[in-house]
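The block underneath contains the structure these notes are about, expressed in structure tokens.
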Amino acid sequence: MLTIADVSKSYGTRELFSDVSLFIARTDRLGLIGPNGAGKSTLFGLILGEEKPDTGTIEWERGADFGYLPQESAPAGDETILHIATSGKKLEPTDDDYDIDYTLEPRARKILDGLGFKPDDADKLAKTFSGGWVMRAHLARLLVAEPALLLLDEPTNHLDLEALLWFQDYLTRYPGGLVVISHDRAFLNALCTGMLELRAGTLHYYHGNYDNFLVEKEARKAQQAAAFKTQQREIAHLQVFVDRFGAKASMASRAKSKEKQIERLKEAAVEEPTEELRKMNFKFPQPPRSGLKVIELEHVQQAYGDHVIYKDLNFTAERGQGIVLIGPNGAGKSTLLKILAGVIPINGGTRELGSNVVPGYFAQNRLDNLNPDATVFENVMELRTNENQLSEQQARAILGAFLFRKDDVHKPVSVLSGGEKTRLALARILVKPPNLLLMDEPTTHLDIQSIDALVMALRGYEGTLIFISHDVHFIKALAKNVLHVHSGRLTTYAGDYDYYLEKSKLSDARAAITAGFTDARPTQAAAPKKAAAPVASGPVKAKASPNDIRKFREHVGVLEKKVVELEAKQSEITSALEAPETYADKGKFQHLNRELSATVDLITTATAEWEKAASQLAEMEK
């Protein structure tokens with residue numbers, strides 16, 4: 001579908017990549033990874049034709065179309081959310097029956113619902129929504145249009161976990177190809193059949209998902225190191241011969257032969273494997289020691305208008321705890337973090353800090369932690385006080401640890417990427433380290449290497465950490481305790497995330513982050529046991545007759561046959577989609593995609609009806 005051959009791209013003296021080659025087939029599911037600034041988005045720009053390569057060619061198969069989701073969308077105009085979602089498809093009938101798509105609007109509304117929009121949101125003006133929600137509408141536009149190849153640049157950044165899980169599941173059934181830039185390991189593991197790593201100007205291909213990539217990369221690195229040592233050893237051995245006998249006339253020809261052999265080995269030599277150069281590397285300065293009780297909330301009430309979040313909230317955190325807040329979206333996790341940070345006033349109750357406690361709040365909206373009118377350097381220097389006596393050299397050293405080097409420190413905050421804003425917000429924490437650190441989605445926009453660096457820094461942090469995250473890897477690495485937030489109540493799990501999964505009996509580690517369940521809670525009194533129901537004085541319900549059982553068995557058979565027929569139809573459509581001639585007619589390809597999606601939904605419904613009826617039959621036959 002897409003062939004990239006020997007492509008190179010530079011900006012001035014900076015070479016982003018050279019001699020990059022790649023073939024993308026229609027069924028490929030590829031994750032594109034690499035450190036921030038490696039050129040991932042630039043590679044997308046070249047594929048899209050928005051930029052021209054310095055050398056090399058990029059060729060699309062004739063008839064192949066693509067859909068692209070950038071990191072940021074243009075400001076919304078006067079169009080509605082539904083208009084954006086359907087703007088990637090033609091609504092006007094043509095002579096080709098395949099272009100008449102009467103299911104367009106219902107499908108668009110269904111996809112918008114999956115991405116978190118309420119039913120009446122579809123008809124509202126897009127400009128009344130935040131940028132993140134407009135991005136969701138554009139994501140819906142791509143899914144409705146069903147292009148042959150999706151190019152997605154950080155698509156999960158604007159999704160809450162429930163929408164992300166829906167989107168992830170949708171993509172597993174998407175009939176086209178996929179290339180996605182993402183720093184979400186679980187997302188890459190669930191979707192990708194191949195990984196592309198852009199590193200040091202070279203594009204490396206790995207088979208499998210992200211976990212497979214990590215294993216294969218280490219194996220390649222070990223193999224490269226072994227080959228390098230072997231070659232260097234052989235070169236050194238030959239050089240000893242040349243040094244010893246090169247000056248002797250009788251051995252001159254042999255020495256010359258050895259020199260040529262050394263030259264050939266050097267020309268074909270394997271390079272020594274190197275570590276990543278641009279990687280965050282920092283430690284949190286140890287904050288002043290607080291008292292044992294760090295913060296306490298008693299009988300806190302919080303509401304937004306008529307919407308009550310907390311009615312009688314009680315909570316205590318102690319020194320050294322690492323607590324992750326989990327629970328359904330809208331349960332009040334971010335509100336609880338803001339109450340603990342003191343950034344919003346409470347309607348009732350008390351918030352009391354412990355002895356010598358210095359709180360620090362890392363907001364989900366990074367601009368809440370930054371001065372948008374200042375540069376990177378000014379954002380750090382404005383934290384200078386008589387106590388810390390921060391010098392310009394110290395500020396530059398802190399910023400350098402977060403990859404802001406040389407002229408990068410003079411960038412205005414307004415032009416920073418999402419990852420750069422996150423790194424700058426982290427850098428500010430180091431200037432005045434709190435001993436109560438409250439973090440709302442700290443890994444958003446960070447690349448995988450930076451997330452690992454943040455994990456290492458927080459593992460050495462001796463203060464109290466309370467955080468919200470949708471990153472299972474991050475949670476498992478740092479959470480010592482789990483606090484489940486649901487319906488205005490808190491349930492404490494006195495163990496790490498694996499302990500929470502075991503006690504809550506939830507098997508999907510990712511879905512469990514936003515699980516909403518009503519298990520026994522320590523703050524609730526046990527419900528009184530109900531008295532045994534009196535034995536009915538009326539006649540006992542008669543057992544089903546053999547004739548009734550026979551008829552119901554026939555009914556179950558009909559339902560089962562329906563499932564089998566639908567599954568056969570699904571196989572037939574799938575076979576048609578695998579046939580190369582299908583793609584000669586774009587309309588037929590899209591028609592089959594829609595039919596496959598509808599058939600899958602029918603199978604789900606029919607299977608549920610059959611299973612329910614089969615269970616009823618089993619009860620009747622007892």
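All values below come from the heavy atoms of this structure, side chains included, with hydrogens, waters and symmetry mates left out.
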Do you know the tightest heavy-atom contact between [X] and [Y]?
{"X": "Ala25", "Y": "Met1", "answer": "O-CE, 3.7 Å"}
{"X": "Gln301", "Y": "Lys311", "answer": "CG-O, 3.0 Å"}
{"X": "Ile84", "Y": "Ala126", "answer": "CD1-CB, 3.6 Å"}
{"X": "Phe315", "Y": "Ile323", "answer": "CZ-CD1, 4.1 Å"}
{"X": "Ile513", "Y": "Ile475", "answer": "CD1-CD1, 3.7 Å"}
{"X": "Ile111", "Y": "Tyr170", "answer": "CD1-OH, 3.6 Å"}

Could you tell me if the side chain of [Y] sits less than 4.5 Å from the side chain of [X], heavy atoms only?
{"X": "Arg173", "Y": "Leu171", "value": "no"}
{"X": "Asn347", "Y": "Tyr310", "value": "no"}
{"X": "Asn209", "Y": "Phe187", "value": "no"}
{"X": "Leu196", "Y": "Ile33", "value": "no"}
{"X": "Tyr68", "Y": "Pro147", "value": "no"}
{"X": "Leu152", "Y": "Leu142", "value": "yes"}
{"X": "Phe23", "Y": "Leu2", "value": "no"}
{"X": "Glu51", "Y": "Lys9", "value": "yes"}

Could you tell me whether [X] and [Y] have a side-chain N and a carboxylate O separated by less than 4.0 Å?
{"X": "Glu61", "Y": "Arg26", "value": "yes"}
{"X": "Lys569", "Y": "Glu565", "value": "no"}
{"X": "Lys124", "Y": "Asp121", "value": "yes"}

Is the backbone N or O of [Y] less than 3.5 Å from a side-chain atom of [X], with the two atoms forming a donor-acceptor pair by type?
{"X": "Asn212", "Y": "His207", "answer": "no"}
{"X": "Asp123", "Y": "Leu82", "answer": "no"}
{"X": "Asp496", "Y": "Asp498", "answer": "yes"}
{"X": "Arg136", "Y": "Leu115", "answer": "yes"}
{"X": "Asp169", "Y": "Trp166", "answer": "no"}
{"X": "Lys476", "Y": "Asp471", "answer": "no"}
{"X": "Asp153", "Y": "Pro70", "answer": "no"}
{"X": "Thr80", "Y": "His83", "answer": "yes"}
{"X": "Ser487", "Y": "Arg489", "answer": "no"}
{"X": "Thr422", "Y": "Thr444", "answer": "yes"}

Side chains of residues 330-340: which donor-acceptor pairs under 3.5 Å do they make with residues two or more places apart or in other chains?
from: Lys333; atom 1: NZ; to: Gly327; atom 2: O; distance (Å): 2.9
from: Lys333; atom 1: NZ; to: Pro328; atom 2: O; distance (Å): 3.1
from: Ser334; atom 1: OG; to: Asp440; atom 2: OD2; distance (Å): 2.8

What distance do [X] atom [atom1] and [Y] atom [atom2] have between them, rounded to the nearest 0.5 Å?
{"X": "Ile47", "Y": "Trp60", "atom1": "CD1", "atom2": "CH2", "result": "6.5 Å"}
{"X": "Ile448", "Y": "Leu188", "atom1": "CD1", "atom2": "CG", "result": "6.0 Å"}
{"X": "Thr156", "Y": "Leu164", "atom1": "OG1", "atom2": "CG", "result": "5.5 Å"}
{"X": "Glu420", "Y": "Ser450", "atom1": "CD", "atom2": "OG", "result": "10.5 Å"}
{"X": "His470", "Y": "Ile468", "atom1": "NE2", "atom2": "CD1", "result": "8.0 Å"}
{"X": "Arg141", "Y": "Leu143", "atom1": "CZ", "atom2": "CG", "result": "10.0 Å"}

Fill in: Verdict with reasoning, Leu30 to Ile24, per side chain to side chain contact (heavy atoms under 4.5 Å, CB included)
CA-CA 9 Å; Leu30 304 176; Ile24 299 177; 4.1 Å; yes

Item to complete: Any chance you could lay out the side chain to side chain contact (heavy atoms under 4.5 Å, CB included) test for Leu424 and Leu416, step after step, and finish with the verdict?
Response: CA-CA 9 Å; Leu424 179 55; Leu416 297 183; 3.9 Å; yes

Worksheet entry | Partner set under ring pair (Phe, Tyr, Trp, His ring centres under 6.0 Å) for Tyr206, not counting sequence neighbours | Phe213

Discussion item. Could you go through Leu458 and Leu454, starting from their C-alpha distance and side-chain angles, then the distance that decides it, and tell me whether this counts as side chain to side chain contact (heavy atoms under 4.5 Å, CB included)?
Written reply: CA-CA 6 Å; Leu458 287 172; Leu454 179 57; 3.9 Å; yes

Worksheet entry | side chain to side chain contact (heavy atoms under 4.5 Å, CB included) between His183 and Leu446, worked out | CA-CA 7 Å; His183 304 311; Leu446 288 181; 6.0 Å; no

Worksheet entry | Mutual orientation of the aromatic rings belonging to His484 and His486 [parallel < 30°, tilted 30-60°, perpendicular > 60°] | perpendicular

Practice prompt. For residues Phe362 and Phe467, establish whether the separation of their ring centroids is below 6.0 Å.
Written response: no

Worksheet item: How about Tyr500 and Tyr497: are their ring centroids closer than 6.0 Å?
Response: yes

Practice prompt. Output all residues satisfying salt bridge (charged side-chain N to carboxylate O under 4.0 Å, His left out) with Glu441, sequence neighbours left out; order by chain, then residue number.
Written response: none

